[in-house]
Structure formats: C-alpha cells, structure tokens
Amino acid sequence: MIAGHDFGNFSEDPFRTVSAITPEHLLHYAAEAGEKAYAPYSHFHVGAALVTESGRLFFGCNVENGSFGMTICAERGAIAAGRVAGGEL
C-alpha cells in the first residue's frame, strides 16, 4: 500500500471499472500484482496495471520458466488478461 492511501485490494475485484484513475493508483495496483509474480530465477517480481479508455483495469505479473523463451513479462500478462476478459485493448 502506498503510504497514506487505501485503494482497496485488487484481488477482491480483479476486473474493476473506475471513473478516475491516477498514476499513483496504477503504481499501487502494479506493485500489488507484482506480489503474485513467479520469479524463482531472477527473484525480481514485476507487476503491471493498465487502464482502458472505458476505465477498466487489468493486471499482470511476470511468470518465469526454465525455458526463458516461455517466460511471460508483466506487461504481456496484463494485456492478455484484458483481452481474455473482453477488454478493448
């Protein structure tokens, strides 16, 4: 949580819609998504948060694999989550 701000837990509603989002909100949600990353090799947990023009939020995190070509970066994860949920990316 960013000091002094309570944005709620994105896990409660991972596809929430917002009317006004600030960069600070996105940073908060990206950090929270990064906590779910799977990074046994780099130990570098990365999260991403994106907001569509309609105000829908989507999140992603890095997922590492022994075959580095199969590793998924956080940004790709967020875009894929949005697309699967029917988002207009």
Side-chain angles (χ1 to χ4, degrees):
M1 181 165 124
I2 296 174
H5 297 277
D6 180 13
F7 301 110
N9 183 336
F10 85 93
S11 297
E12 295 169 5
D13 182 8
F15 303 111
R16 69 179 68 214
T17 300
V18 294
S19 58
I21 186 109
T22 66
E24 190 175 46
H25 286 102
L26 289 175
L27 287 171
H28 165 79
Y29 289 125
E32 198 170 328
E35 293 175 6
K36 299 190 179 295
Y38 178 70
Y41 304 103
S42 71
H43 306 288
F44 192 71
H45 293 225
V46 181
L50 64 87
V51 61
T52 65
E53 288 183 355
S54 67
R56 291 183 73 189
L57 287 171
F58 299 100
F59 314 96
C61 63
N62 61 321
V63 179
E64 294 181 350
N65 188 292
S67 168
F68 289 107
M70 292 189 67
T71 294
I72 301 170
C73 68
E75 298 83 358
R76 279 188 199 162
I79 290 168
R83 190 66 193 154
V84 167
E88 67 295 340
L89 303 175

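Across all non-hydrogen atoms, the minimal contact from E35 to H45 is O-ND1, 4.5 Å. For the pair A48 and A33, the tightest heavy-atom approach, listed with the atom from each and the gap, is O-CB, 4.2 Å.
We find the CD1-CG distance between I21 and L26 to be 4.5 Å, quoted to the nearest 0.5 Å.
Of the N and O atoms on the side chains of H28 and E32, at least one donor lies less than 3.5 Å from an acceptor on the other residue.
Other members of a hydrophobic cluster containing M70 are absent, since no ILVMFWY side chain comes under 4.5 Å of it, directly or through relayed contacts.
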Which pairs of donor and acceptor atoms, one on a side chain in residues 57-64, lie under 3.5 Å apart (sequence neighbours left out)?
| residue | atom | partner | partner atom | Å |
| --- | --- | --- | --- | --- |
| N62 | OD1 | V46 | N | 2.8 |
| N62 | ND2 | F44 | O | 2.9 |
| E64 | OE1 | Y41 | N | 2.9 |
| E64 | OE1 | S42 | N | 3.1 |
| E64 | OE2 | S42 | OG | 2.3 |

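H25 places a side-chain heavy atom less than 4.5 Å from the side chain of T22.
Judged as a side-chain hydrogen bond (donor to acceptor under 3.5 Å, both in side chains), not a single pair has a partner in residues 70-82 (not counting sequence neighbours).
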